[in-house]
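Every number for a ligand or one of its atoms is a count from 1 in the order of the listing.
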Amino acid sequence: MMKAKAAVLIADRTFDFRELPVPDAPPQGGALLRVEGCGMCGSDIEQYKGGTAKAGIGAFPVIPGHEILGRIQSLDAAGARRWDLAEGDRVAVHGLAPCGVCPPCMRGAKCVDAFYYGFRSLSDGSGLWGGYGNYMEIAPLTKLYRIADDLSVEDALLFNPFAAGFDWVLRLGRLQVGQSVLILGGGQRGLASVLAAKDAGASQIIVTGLRRDAFKLEIARQFGATHSLIAEETDVAEAIAELTAGRGVDLVVDTTPNAFQPVTDAIKAVRHGGRIVLGGIKGHKDMPAFPVDELLMKQIEMIGALSSSHWGVQQAIRLVEERRYPVHLMHTHSVPIQDVEKAIQTLAGEIPDDPALHISIIHTH
Ligand SMILES: [Zn+2]
Ligand SMILES: [Zn+2]
């Protein structure tokens, strides 16, 4: 019997490295995946600190990891037919598999019984449901995307952060060719939004970041940003007025976590009749002061964004496969699974002088 090597999160800030049996056969209608790598995002930090478990999303022990890339180890006939895949094919895995048949699913809302990779208990079957393990089971309703064999694991893993950029800027923000966009925040999601805007033919792409994010703003420039602003040193609304001859931008995308000033800046910087997409989570706190009158007088459309769609993932994979942009600039760390704890702390900014952008766990077999 094959064994999977996995980092199991057993309590807040506590990993246990285990060898777990890999089932001999894939789940009925599903597949077994040999995991090549797993990307990390802010929810990995939340999960590591115990925040998601407290919120009722997955309980310990659990194998985390929901930004998954791998190769089909085995699949049954039903899986092969549905996905049109064969053993050895390289795929990106959508981290969230809605059931498709519950009433909320039927109207496009949040599934009552969604399958969340990286958040399913170790006691659920084999327990191999997270990308922090080097083998995984793939449930039948999962969306799998073929991805080019000759991309590096790190480049291929960008399908996840880049998907959000396409969703937020294009699907939700509905940016048109020749329009201007202000992107608040220069992290993974902010830079993904810059790329999506560039790819869609935006005229002006203005991105903000903190002083300590200077290296990220430099990457934004290389991804196609026309202007970058240091948030602590600039009145963003004034700067936008100057850059757009007083008109304001067509679209603002807020990707900043835990900050309300960017929301106010967005309302001030957007043009009359423009759109604002809010994608930066604010730690479940309410905004102390909200300029409602300005929002309604300017007839602004404000849209909440969570995660990314099937379409967004497809666009992200296309962009990475086209190799027209220096996407590798996103990679700051590639780590083996034994170093996952330090990697999470690095992503969280807890390690001095080691700024992180995109971190990839690279598995061995
Ligand atoms: Zn994620
Ligand atoms: Zn459902």
*Donor-acceptor pair between His363 and Tyr135 side chains, under 3.5 angstrom*: no
*Looking only at side chains, do Tyr48 and Asp12 share a donor and an acceptor under 3.5 Å apart?*
no
*Are any N, O or S atoms from Asp44 nearer to the Zn ion (ligand 1) than 2.8 Å?*
no
*Identify whether NZ of Lys or CZ of Arg in Arg171 sits under 6.0 Å from the centre of the six-membered ring of Phe166 and within 45° of that ring's axis.*
no
_Can you tell me which N/O/S atom of His66 has the shortest distance to the Zn ion (ligand 1)?_
NE2
*Can you tell me the N, O or S atom of Glu67 that's nearest the Zn ion (ligand 1)?*
OE2
*What angle sits at the Zn ion (ligand 2) between SG of Cys105 and SG of Cys111, to 10°?*
100°
*Quick one: angle Cys99 SG - the Zn ion (ligand 2) - Cys102 SG, to the nearest 10°?*
110°
*Taking NZ, NE, NH1 and NH2 as the nitrogens, is one of them in Arg318 or Asp199 under 4.0 Å from a carboxylate oxygen of the other?*
yes
*Donor-acceptor pair, side chain of Asp167 and main chain of Ser309, under 3.5 angstrom*: yes
